[in-house]
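Accompanying notes for the structure given below.
We count ligands from 1, going down the list as the structure has it; atoms in each ligand are counted the same way. These values consider heavy atoms only, across backbone and side chains, with no hydrogens, waters or symmetry-generated copies.
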Amino acid sequence: MESKIKVKDPELGPSRVDGRLKVTGAAKYSAEYSVKGVTYGVLVGSTIAKGSITSLDTRAAERAPGVLAVITYQNCPEIPGYHTPDQPAKGPLKIFLDNKIYFNGQPIALVVAETFERALYAASLVKAQYSKDGHQTDLKNNLPNGIAKGKDYVRGQEDAYKSAPVKVEQEYLLPTEVHNPMELHAIIARWDADDKLTIWDKTQGVKSTQRNIASAFKIPNDNVQVNAPFVGGAFGAALRTWPHEIAAVAAAKLVKRPVKLLLSRADMFTSVGYRPQTWQKIGIGATTDGKLVGITHEATGQTSVYEDFTEGVVNISQLMYASPNVNTKYKLVSLNVNTPTPMRGPGEATGAWALESALDELSYALNIDPIELRLRNHADTDPLSGKPYSSKFLKEAYQLGADRIGWSERRQQPGTLVKDGWLVGYGMGAGMFGAYRSNATVTARLQVDGTLVLQTAVTDIGPGTGTAMAAIGAEVMGVPVEKVKIFLGDSSLPPSPTQGGSQVTSTVGAAVYDACSELKAKFKALEGGATSNDYVQLLTANKLPQLEVTTVSKSGAEMGNYAAYSWSVHFIQVLVNPVTGVVRVNKAVSVADAGHIVSPKTAASQIKGGAIMGIGMALMEEALIDHRYGRLVNNNFGDYHVPVQADIPQVEALFVNKPDPYLNPMGAKGMGEIATIGVAPAVVNAIYNATGKRIRELPVTPDKLI
Ligand code: MOS
């Protein structure tokens, strides 16, 4: 089936509609707004990991120049949402509720002053005494304390891999990774009346933030105006409303002035979640001709003591391949750490690291090419539900990527390809993520000056949502993309979902499609509309300044008949220095089956960004705790490593670019998550191919290779 959308220049598509604003600095991020009378907040964190505050000395801070208030559990204004009946035993951290300490770095005070510098200085004067309890921050030591979460999954026979003629049974460890978007989390909170509030906030969802703040302060949703027109990356870290946001709103109430709270980079490690450290064990077995007999996948992730965070780590093993026998188990260990949160490809990225590594190990045990092994176990229908796929072009993706990376140069025997003194290796890993569509409302307006205005509340955290909206709107209406104006990131606009879960182009794009189709029909119905497509002329002839529709767009019921996923495969060529253990990623090719690509430039950028994130996951990222104190030791960009330009080769993004016939009118599927899922194992598999050394604990730093 054809997509109902055709992009004029399929190679490129439109440039970012907000690109100029971003590169010239004209785009304003939350902390950059000037609000009259604004004050500045700085958080003070606990220096113990478990216990309680026995005394808090805030006098010196309060007397410091320019200080307006030091907010602690002793004087924090009542947050009514903390005291609603039927509070669950576990839940989000209730900031400044009492003197209990659950993790090192937990906010114990918020200093508010006339300037940022004065607040920062006064924060250094806050002194706390604690009664310490013994803390636990080490996942590895606490694995026996894992508590089962959700139901164990069994398809066919449990642990069937054990009876297979060829089998692999291994453990894989992923350290904690922190989102660390470039833009720091920030909020400006201003009370406009006793029950009315405006905030400028870094958030992936203005509507969810509106609801969360309104329910915390028990005011009507419509009385909370949330602005987030630009978001400088988030990767999941801004999906929730965090304690520091509640604290800033409470502080603004106390000092009766607007409060700006910009987290420090160190705060970012303890205030806005992370991808949790996770232990996994995979047992996988096959017949000698490479047909999977069974997969057993167990995982234990860490969470905080006050809240459970679960993710679908083991789900990928239930879904990815046509194995008759699969069983999975998932557990959590509660530690004295802050709560994790979804980070790009939540669950699946972690699960794929283990599954795609184990499959690679199996391919060597069988002496079968890793792509060939995957083809022999390709699932033609969804193994979990038995339903047909709405679309699946993973085989095409394998082929495209293998051709582009030069897979034919790969040697099946590890450690045998050497170039200029470097060991050369090729590796691959696949990924998948659910393809979703939810509800969104879009207002589309064509003005007499020829401008097409599209409005919806959704935020654009960087993938190019606004650009995709413009591409779709321009195509449906038949106007140049330069004539499209996008308004988003504002809670007063028509409702849209939170940007997350790889569903926004599918959802909001479909709403743009529907709204523009309706607008077009409205023009057709005008006097003369049947014979003319010239909107400006029609408006003028009908003496109208503009024509506007607001359209609610929903997924069709037929989606229930299909299993819908996006698919990806990542190919990596590495060079490994046999003396120093240094790994250089020399070439990276990622291929996505993300349906029809509506905005090729931003889509390619999204895929490349995800691949770079996966390379960081494989080689660099690792948040380290000194367990003696339960405190992070590398909570800064000097010590927590992420890839920089010099670490990254030319990353190529390729698309199968075939429409999904059912998900939405554009035929587009999501790609935010699959961009990262499967990359890290591809790197590790390439390192094995280069060196014959199998690393099962990320990141693969040089010391692990020599
Ligand atoms: Mo994403 S982890 O759905 O923001």
Side-chain angles (χ1 to χ4, degrees), residues 174 176-185 201-209 212 228 230-242 245 268 271-278 301 303 309-313 315-316 338-353 431-438 440 457-466 468 488-489 496-509 564-566 568 592 594 602-603 605-607 609-614 616-617 621 642 668-680:
L174 178 82
T176 288
E177 281 190 290
V178 186
H179 307 68
N180 274 318
M182 218 188 306
E183 183 204 9
L184 300 162
H185 282 239
D201 191 25
K202 178 185 181 111
T203 173
Q204 288 173 244
V206 289
K207 297 300 284 184
S208 59
T209 297
N212 294 338
F230 292 94
V231 177
F235 314 115
L239 284 170
R240 293 184 67 169
T241 302
W242 294 104
E245 293 164 276
M268 296 282 288
S271 301
V272 292
Y274 54 90
R275 193 195 299 284
Q277 179 168 30
T278 305
T303 190
F309 169 75
T310 61
E311 54 183 0
V313 176
N315 300 21
I316 196 160
N338 55 311
T339 309
T341 214
M343 177 163 159
R344 203 176 199 170
E348 278 81 355
T350 303
W353 138 241
M432 69 181 310
F433 198 78
Y436 305 108
R437 172 179 172 191
S438 59
V458 75
T459 56
D460 183 347
I461 64 174
T465 299
L488 44 66
S496 259
T498 291
Q499 181 152 81
S502 298
Q503 60 147 338
V504 165
T505 298
S506 173
T507 301
V508 176
Y565 301 99
S566 295
S568 63
T602 54
S605 176
Q606 168 91 320
I607 293 293
I612 293 166
M613 197 175 223
M617 182 179 182
E621 296 200 40
V642 295
K669 298 192 283 189
M671 64 177 74
E673 326 283 341
I674 56 163
T676 292
I677 299 164
V679 177

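Ile674 is not listed as a side-chain neighbour of Lys669, based on a closest heavy-atom distance of 4.5 Å or more. With a 4.5 Å cut-off on side-chain heavy atoms, Ile677 and Met432 do not count as touching.
With hydrogens and angles left out, the side-chain atoms of Thr465 and Gln499 include a donor and acceptor closer than 3.5 Å. Thr350 and Thr278 form no side-chain donor-acceptor contact under 3.5 Å, judged by distance and modelled atom types alone.
Under the side-chain hydrogen bond (donor to acceptor under 3.5 Å, both in side chains) criterion, Ser506 pairs with Asn664, sequence neighbours left out.
The 4.0 Å heavy-atom shell around ligand 1 contains residues Gln204, Phe235, Gly236, Leu239, Pro342, Met343, Arg344, Pro346, Gly500, Gly501, Glu673, ordered by chain and number.
With Lys202 as reference, Glu183 is the one residue of Glu245, Glu183, His185 to meet the side chain to side chain donor-acceptor pair (under 3.5 Å) rule.
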